[in-house]
Protein chains: 2
Amino acid sequence: MVEQARQQATPTIDDVAALAGVSRAVASRALSTEKRPVSAEKRERVLQAAAELGYRVNLLAQSLTTKTVNLIAVVVNHIHDLSDLDLFDRLLAETQAIGKQVILIRVGSVDKVEEFLRQGVAYHVDAALVFSDFADAETVRKMFRSDLVVMLNGRHDRLSPTVIPDEAMGIHQAVADAAQHGVKTAALVTGRASSLVEQARIASYLSAFNQHGIELVQTVQGDYSYQSGHAAAPAVVGFDCPDAVFCTSDAMAMGILDVCREDFPGNRPTRFRLYGFDNLSLTDFDAYPISSIGYDKADYVRQMVRFLADPTAFTPGQPPVLIPTRFVPRKTS
Amino acid sequence: MVEQARQQATPTIDDVAALAGVSRAVASRALSTEKRPVSAEKRERVLQAAAELGYRVNLLAQSLTTKTVNLIAVVVNHIHDLSDLDLFDRLLAETQAIGKQVILIRVGSVDKVEEFLRQGVAYHVDAALVFSDFADAETVRKMFRSDLVVMLNGRHDRLSPTVIPDEAMGIHQAVADAAQHGVKTAALVTGRASSLVEQARIASYLSAFNQHGIELVQTVQGDYSYQSGHAAAPAVVGFDCPDAVFCTSDAMAMGILDVCREDFPGNRPTRFRLYGFDNLSLTDFDAYPISSIGYDKADYVRQMVRFLADPTAFTPGQPPVLIPTRFVPRKTS
DNA sequence: CTGTTAGCGCGTTCAA
DNA sequence: TTGAACGCGCTAACAG
């Protein structure tokens with residue numbers, strides 16, 4: 001009766017060992033993926049017993065002794081930006097390819113970070129990937145009890161590795177393209193200025209404008225969204241239309257394009273040239289042939305996953321890994 | 001020295017108890033969110049000690065005894081469909097709101113399911129939400145050692161709860177709209193027919209066509225993507241253009257719209273009317289004002305999370321929870 | 001190569 | 001209200 005009850009519940013390694021007629025340790029070794037000394041005959045018996053019982057190792061219990069859970073925390077603000085689609089699917093695939101699973105943590109707001117910290121609503125994961133700009137490296141290390149936090153939000157310190165797109169490259173290429181086409185004046189449509197990444201992006205545009213003798217005649221702040229681009233359009237290209245409009249996201253450029261579609265007959269610019277940022281796959285859609293700035297997402301993901309796969313790949317103080325960006329001309333420029 | 005070493009490592013509840021000068025049991029109770037008998041004075045000391053040490057409970061170790069990890073597995077094929085964006089962010093937020101975190105598992109292919117099953121690359125989670133159509137209810141229950149698997153792919157059985165959009169409703173509304181506008185002939189652009197959800201969707205269209213005396217003159221199979229809509233367009237509206245084209249995804253409708261944009265001057269249909277499915281937020285963009293069929297995503301998510309929050313909400317054999325869908329007219333119809 | 005034993009960090013008896 | 005002791009499922013270390 002008691003035995004029956006045990007069978008009903010999820011079988012443990014003890015059950016397997018008992019059925020195979022060996023000790024628990026032998027069963028453990030036989031079941032291990034690594035090569036451990038077990039006689040071929042007993043290994044066979046154990047595997048047989050495990051299959052019979054439908055045994056599945058309890059990774060949580062296992063992690064208690066091995067000190068590694070094969071769990072990666074991915075911290076994001078949210079995932080409703082169009083650019084997220086191109087990224088997270090790859091990230092998931094690559095992470096799983098090295099035998100780890102992803103806990104996706106949505107932070108949403110600064111308050112949420114502090115709440116998570118306070119309540120300890122965070123697992124002791126092996127590593128964390130931080131996209132959200134609401135947390136700095138030290139906070140995240142504390143939050144997850146892990147020294148391996150890859151910062152993708154610009155808020156890294158010398159103790160944490162980071163991978164960042166070298167946006168200056170692509171931005172300079174884009175601005176050079178504009179200059180080559182005779183652009184003299186430009187407007188800039190930005191995202192939230194509180195983000196370090198965004199600040200650096202803006203600085204790159206300013207530097208490039210300066211270098212090519214382009215005058216920045218207007219700056220409008222949006223929030224990366226289509227709607228904010230839509231809303232900004234009248235102010236940007238209304239009264240005194242600049243030769244070119246640069247947006248720090250493709251979605252904002254899409255909003256502007258939709259408001260000014262009559263300025264792009266056959267998708268060719270007349271009044272002004274339009275440049276986006278992100279190189280969304282959406283810009284391959286006929287309706288939004290927006291010249292953009294992009295980088296190899298696969299490479300980006302591969303670099304950060306490399307840190308997860310091999311923690312020794314990072315040594316404190318190491319400079320950021322840079323991913324080259326490039327200008328991708330389409331019809332709007 | 002040994003003590004120092006312990007301090008350096010992540011502190012355990014034993015360290016807290018020692019510092020507070022109480023037993024581990026008392027520390028455990030004082031730290032518990034639930035009301036447990038502890039003298040006010042000792043509780044204070046424990047909390048103080050915990051703060052001092054920066055103690056954070058190890059949720060994984062905790063789960064070993066409590067048998068609940070507050071971890072939910074979300075199983076998907078992949079996340080690069082546009083419709084995913086509208087869904088997963090909500091799902092994350094709602095799941096976290098009930099104090100649980102999400103492990104996002106990307107299956108990618110049928111082979112992958114079997115590999116996961118074989119290798120046991122899955123934690124003993126509290127529950128699973130299955131969107132991927134590569135797995136059935138029993139497989140998933142086995143995979144996660146959990147009886148609580150909410151099936152969203154149509155492959156549920158009487159032991160697992162399910163929430164499904166009542167697509168027939170919206171489809172009939174859309175077809176009725178077409179009939180009202182004098183549509184006599186229609187083409188249908190579908191997704192992968194191997195999906196149960198898709199099969200039901202197609203059946204609903206056929207039934208609605210029949211009911212309204214609309215003749216189905218052509219069926220083309222796509223894969224839900226923009227590209228497949230783009231590719232299908234010539235065949236669908238080329239030689240013998242039907243009065244209306246119904247697509248089982250908005251993305252495919254977008255592809256067709258882009259090929260046939262000259263047929264929609266001012267976004268108004270001339271040669272044929274166009275209907276999508278999903279009610280993507282993208283259809284609010286000016287360039288893609290596609291009449292669609294949608295449902296309240298917030299409600300959808302709320303219903304499935306309800307099963308997670310309260311496992312007793314489901315009793316075996318209970319019928320699926322239905323989410324009403326409705327026709328959302330835009331300019332293309 | 002094998003079996004015994006001692007933890008991993010925690011919650012929960014149960015007797016005091 | 002307290003604390004000692006036990007067990008959760010597993011692996012590592014050790015002795016055989």
Side-chain angles (χ1 to χ4, degrees), chain A residues 2 5-7 9-46 49-50 53-71 120 122-126 145, chain B residues 2 5-7 9-46 49-50 53-71 120 122-126 145:
Chain A
V2 169
R6 291 206 65 163
Q7 303 296 346
T10 70
T12 75
I13 199 171
D14 275 331
D15 299 324
V16 175
L19 183 59
V22 300
S23 78
R24 195 170 59 207
V26 170
S28 171
R29 280 171 223 150
L31 261 14
S32 168
T33 54
E34 297 170 40
K35 276 224 167 303
R36 293 282 160 70
V38 193
S39 70
E41 177 234 1
K42 294 203 174 181
R43 150 166 295 127
E44 222 23 72
R45 286 221 309 269
V46 169
L53 262 36
Y55 170 77
R56 187 92 11 102
V57 65
N58 183 332
L59 288 131
L60 265 30
Q62 180 176 291
S63 77
L64 205 52
T65 65
T66 60
K67 298 289 190 188
T68 153
V69 285
N70 286 335
L71 234 35
Y123 295 79
H124 289 52
V125 294
D126 292 344
R145 297 271 104 124
Chain B
V2 170
R6 290 209 63 162
Q7 303 295 345
T10 69
T12 74
I13 200 171
D14 275 331
D15 300 324
V16 175
L19 182 60
V22 300
S23 78
R24 196 175 60 208
V26 171
S28 169
R29 281 172 228 152
L31 260 16
S32 168
T33 55
E34 297 170 39
K35 276 224 167 307
R36 293 280 161 71
V38 193
S39 68
E41 176 234 3
K42 294 202 175 183
R43 151 166 293 127
E44 222 22 73
R45 287 221 309 270
V46 170
L53 262 36
Y55 169 76
R56 189 89 11 100
V57 66
N58 183 331
L59 290 157
L60 265 27
Q62 180 175 277
S63 75
L64 204 53
T65 64
T66 61
K67 297 291 189 186
T68 151
V69 284
N70 285 335
L71 236 36
Y123 292 79
H124 290 49
V125 294
D126 292 344
R145 297 267 104 127

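Below, all heavy atoms of this structure are taken into account, side chains as well, without hydrogens, waters or symmetry copies.
Between the C1' atom of D/dT2 and the CZ atom of B/Arg43 lies a distance of 14 Å, rounded to the nearest Å. Spacing between atom CG of A/Leu59 and atom P of D/dC8 amounts to 19 Å, rounded to whole angstrom units. Counting to the nearest Å, the C1' atom of C/dG9 and the OH atom of B/Tyr55 are 8 Å from each other. Atom CG in B/Asn58 sits about 12 Å away from atom P in C/dC8, given to the nearest Å. Atom pair A/Glu41:CD and C/dT2:P shows a separation of 8 Å (rounding to whole Å applied). Going from atom CG of B/Leu60 over to atom P of D/dG9 covers 15 Å, rounded to whole Å. Rounded to an integer number of Å, the gap from CG of B/Leu31 to P of C/dG9 is 15 Å. If you take CG of A/Asp14 and P of C/dT5, they are 14 Å apart, rounded to a whole angstrom.
The residue among B/Val22 and B/Thr65 whose nearest nucleotide of DNA chain D lies closer to the 5′ end is B/Val22. Heavy-atom nearest nucleotides on DNA chain C were determined for B/Ile13 and for A/Gly21, and the one closer to the 5' end corresponds to A/Gly21.
Once rounded to the nearest 0.5 Å, the distance linking CG of B/Leu59 with CG of B/Leu71 reads 9.0 Å. One finds the CG atom of B/Asn58 at 7.0 Å from the CG atom of A/Leu64 (value rounded to the nearest 0.5 Å). How far NE2 of A/His124 is from CD of B/Gln62: 10.5 Å, rounded to the nearest 0.5 Å.
Here the side chains of A/Tyr55 and A/Thr10 are not in contact, with every heavy-atom distance at 4.5 Å or above. When side chains are defined from C-beta on, A/Val16 counts as touching A/Val46, because their heavy atoms get closer than 4.5 Å. Between B/Val57 and B/Ile13, the closest side-chain pair of non-hydrogen atoms is not below 4.5 Å. A 4.5 Å side-chain heavy-atom check between B/Ser39 and B/Arg45 finds every atom pair outside the cut-off. For the pair B/Asp126 and B/Asn70, the minimum side-chain heavy-atom distance is below 4.5 Å.
Phosphate proximity of D/dT11 to A/Gln62: present, with a side-chain N or O under 4.0 Å from OP1 or OP2. A close approach under 4.0 Å does not occur between any side-chain nitrogen or oxygen of B/Lys67 and OP1 or OP2 of C/dG11.
Checking D/dC8, D/dT2, D/dC10 against the side-chain heavy atoms of B/Lys42 singles out D/dT2 as nearest. Of the listed nucleotides (C/dT2, C/dC10, D/dT2), D/dT2 has the atom at the smallest distance from the side chain of B/Ser39.
Rounded to 10°, the helix from C/dC1-D/dG16 to C/dA16-D/dT1 has 40° between the axis fitted to its first five pairs and the one fitted to its last five.
Listed by chain and residue number, B/Asp14 satisfy the salt bridge (charged side-chain N to carboxylate O under 4.0 Å, His left out) test with B/Arg24 (two or more places apart in sequence, or in another chain).
A heavy atom lying under 4.0 Å from DNA chain D marks the following residues of residues 23-30 of chain A, by number: A/Arg24, A/Ala25, A/Ser28, A/Arg29.
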